[in-house]
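These numbers come from the heavy atoms of this one structure, side chains and all, not from hydrogens, waters or symmetry mates.
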There are 2 protein chains.
Amino acid sequence: MKALPTPQGNELGTVTIYDVAALAGVGIATVSRAMNGSAPVADATRARVLAAVEELGFRPSHAGTSLAARTHAANGIVFPDLSGPYYAEVLLGYEETASRLGRSVLVLATHGRPDPDAAVRDLAGRVDGMVVLGRTVADEVIASLAGLPVVVVARPELGDVDSVRTDGLTSARALGEHLAGHGLRHIALLGSPEESPDVAERFLGIREGLGAHGIEPTETPCLFDEASGTRVAATLLEGRRRPDALVCANDEIALGAIVAAEGAGLRVGHDIAITGWDDVMAARHARPALTTVRQPMRALGSLAAEVLDERITATRTTPRHELLATDLVVRDSCGLHP
Amino acid sequence: MKALPTPQGNELGTVTIYDVAALAGVGIATVSRAMNGSAPVADATRARVLAAVEELGFRPSHAGTSLAARTHAANGIVFPDLSGPYYAEVLLGYEETASRLGRSVLVLATHGRPDPDAAVRDLAGRVDGMVVLGRTVADEVIASLAGLPVVVVARPELGDVDSVRTDGLTSARALGEHLAGHGLRHIALLGSPEESPDVAERFLGIREGLGAHGIEPTETPCLFDEASGTRVAATLLEGRRRPDALVCANDEIALGAIVAAEGAGLRVGHDIAITGWDDVMAARHARPALTTVRQPMRALGSLAAEVLDERITATRTTPRHELLATDLVVRDSCGLHP
DNA sequence: TCGCCACATGAAAGCGCTTCCTACGCCGCA
DNA sequence: TGCGGCGTAGGAAGCGCTTTCATGTGGCGA
């Protein structure tokens, strides 16, 4: 590390706007104006101020700014959990757009936290608005944030609260139809719709698609991870009346189910169909490749940031509800397509 | 949405500590003490204050707190990019530990940003310390943050700056040895070591492992994504002197390379060996499953948060450099292991 | 019964910034 | 020559909180 000029400043080592003003021989108001361009400053003065800023290595304290300007220039995003590719992509889109709009991003993962509601309230005191994913916090908590702009993502609409969702229904119907077209009849749905409104919607659509062909699927609760998928699928495959299709609530369950099916000596895509949801990277690389539904996750995050910004800047005052299209991605795990 | 009691407060709709104090019939100092437990408060008084807080829905303004207390209770984390499973896991571990330590997390993705250095400086004004991943920011910028605790992750040590890394060298040597043991001789390294010190370390270790058997691998630059892996691998496989092993800098390149190999009619694990690095979910599910190296990503993030906290709280004042072990995960893509 | 001390509480001073309001030159016009 | 106006800059108030310092009250020992 190269030797550094120790920045001057008060005894605490922090440089304040007063130090800059003193060095430049101007008032603090002028420093503020020169740095933010909030009012005209003579060129020569500005140059002197900026030189002083540079010399002292002045970094404005965000707390001071935010207190005076009554804004945080920051957005929050609340996740249930950050594991899995789904949320990371949403976050990426969110961060990208938020920062383009001049806002920092604070993340909060509620998973495994003793008091998620308190954490959300604390977050609320640090941001100008926040995005909440799924059922991470109770409706009451969101309501208690009254006044703070909130956008919910992947959660059913909640009164006047803005929302951004993906349209699972259409693709789910298409998936149901597609499976029926393969001649599959004993269809098992794996997942816990009560845990997630999105999953409930998927299952509903699939039931509709299958129902058009007179097929009534069964439903088995399953946590949304791979190990659970393997376990639940193994149980189903051992039972009497083995299903000929396992329709899973997400890709992780489906990938786990593939493991179970192979363990049971079944050829996925021949002896049994398995489908997922999300189109994670592993879905493409699994053999057979997984039939699934692609969601525009990055766009979801990005759009949420935009919708939130409109509220924060009060560009819009009426609720906005967005629905993003999804794509059914047919691969080989649901049966061969010659 | 249920009807809500509109919180009282000033004309801006925000409730301040003054409103609470007025309602409870105490001074603002007492409200502060009652809420933070920073000094004894009579039980009856505390109860009255807390009731007022509840009634008004008071949420302390973080800016006020942080200005007065001279602390942000927040940490930053700077990523090159958030895509891919690698960073999401690190972030998860970081967020978990940081929040256990009572700190919020601000994320910054430098990828595709016009002025990353300015963004990092801005971040520096909002946090008590930050973690920087890889080569996202120039050494000078880190240095210019003098005074602000910084921990670098997956980046070579930088003077007195704390660091947390994974030990790629040991596993890389083991991988080299393993490949040599398979009888492979024409080995191609795919990746751009100059882009990432971690990758440079991997390649060095692999060269050492192979060198022990008198093998000198070739090296081909490649971006760290799947499409690049496919493209570069395809070119190599078409050339004269086709390599019999493609050792890739990460799993995504390797998964792309598998696609190329299969496209060229080669059986991966028989006609050609392919290995990755990271052990992403898709590595496990690819067929053949990918030989790779597992990195403790979650632990990496968590440890970084701890190391940073020690600096922020000044529990420790001497540099700390941590090295986490990695595991070679041998699967079938590097050759069959009967 | 008196005085002292510990405890509980309030007043007020900042923390570092933005911004309103005022003041000062200086120019141009009458 | 005198006055209004504009461009520029400074003083000072205040954002919402923590914390120090001073004050008041009750209980205790003498």
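Note on A/G125: nothing from the nucleic acid sits closer than 4.0 angstrom, heavy atoms only. Counting non-hydrogen atoms under 4.0 angstrom, B/G64 reaches a base of the nucleic acid.
Atom NE2 in B/H62 sits about 14 Å away from atom C1' in C/dG16, given to the nearest Å. B/I28 has its CD1 atom 12 Å from the P atom of D/dT19, to the nearest Å. The interatomic distance linking B/L67 (CG) with D/dT18 (P) rounds to 11 Å, in whole Å. In this structure, B/D43 atom CG and C/dT9 atom P are separated by 10 Å, rounded to whole Å. For the pair A/N36 CG and D/dA9 C1', the interatomic distance rounds to 16 Å; values are reported in whole Å. In this structure, the CD1 atom of B/I17 is 14 Å from the P atom of D/dC15, given to the nearest Å. If you measure from atom CZ of A/F58 to atom C1' of C/dT18, you get 12 Å, rounded to the nearest angstrom. As rounded to whole Å, 16 Å separates atom C1' of C/dC17 from atom CZ of A/R59.
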Checklist entry - Do B/E95 and A/R113 pass the salt bridge (Lys or Arg N to Asp or Glu O under 4.0 Å) test, and can you show the C-alpha distance, the side-chain angles, and the key distance before you say yes or no? => result CA-CA 11 Å; B/E95 200 277 345; A/R113 195 179 286 266; 2.9 Å; yes
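Of the side-chain N and O atoms in A/S61, none sit less than 4.0 angstrom from OP1 or OP2 of C/dC17. Between B/S32 and D/dC17 there is no side-chain polar atom (N or O) within less than 4.0 angstrom of OP1 or OP2. Contact between the side-chain N/O atoms of B/T30 and the OP1/OP2 oxygens of C/dT9 is not found at any separation under 4.0 Å. Between B/S38 and the phosphate of D/dT18, there is no side-chain N or O to OP1/OP2 separation shorter than 4.0 Å. Listed pair B/S66 / D/dC17 fails the phosphate criterion, with no side-chain N or O lying under 4.0 Å from OP1 or OP2.
Under the 3.5 Å distance criterion, the side-chain polar atoms of B/T110 are matched with a main-chain donor or acceptor of B/F79. Between the side chain of A/T315 and the backbone N or O of A/R311, no donor-acceptor pair lies under 3.5 Å. The closest donor-acceptor contact from the side chain of B/H62 to the backbone of B/H72 lies under 3.5 Å. Here the side chain of B/Y94 pairs no donor or acceptor atom with the backbone of B/L300 at under 3.5 angstrom.
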Between the protein and nucleotides 21-28 of chain D, which nitrogen or oxygen pairs come in under 3.5 angstrom?
none

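For B/A68, the listed nucleotide lying nearest its side chain is D/dC17; candidates were D/dT8, C/dC17, D/dC17. Considering only the side chain of A/P60, C/dC17 comes nearest among C/dC17, D/dG11, D/dC17.
Heavy-atom distances to DNA chain C give each of B/A69 and B/A39 a nearest nucleotide, and the one nearer the 5′ end belongs to B/A39. Between A/A29 and B/A63, the residue whose closest nucleotide on DNA chain D is further toward the 5' end is A/A29. Each of A/R48 and A/Y18 has a nearest nucleotide on DNA chain D; the 5'-most of these lies closest to A/R48.
Side-chain contact between A/L308 and A/D162 is absent, with no heavy-atom pair separated by less than 4.5 Å.
Here the CD1-OG1 distance, from A/I17 to A/T30, works out to 9.5 Å after rounding to the nearest 0.5 Å. The distance from atom CG of B/N75 to atom CG of A/L106, rounded to the nearest 0.5 Å, is 11.0 Å.
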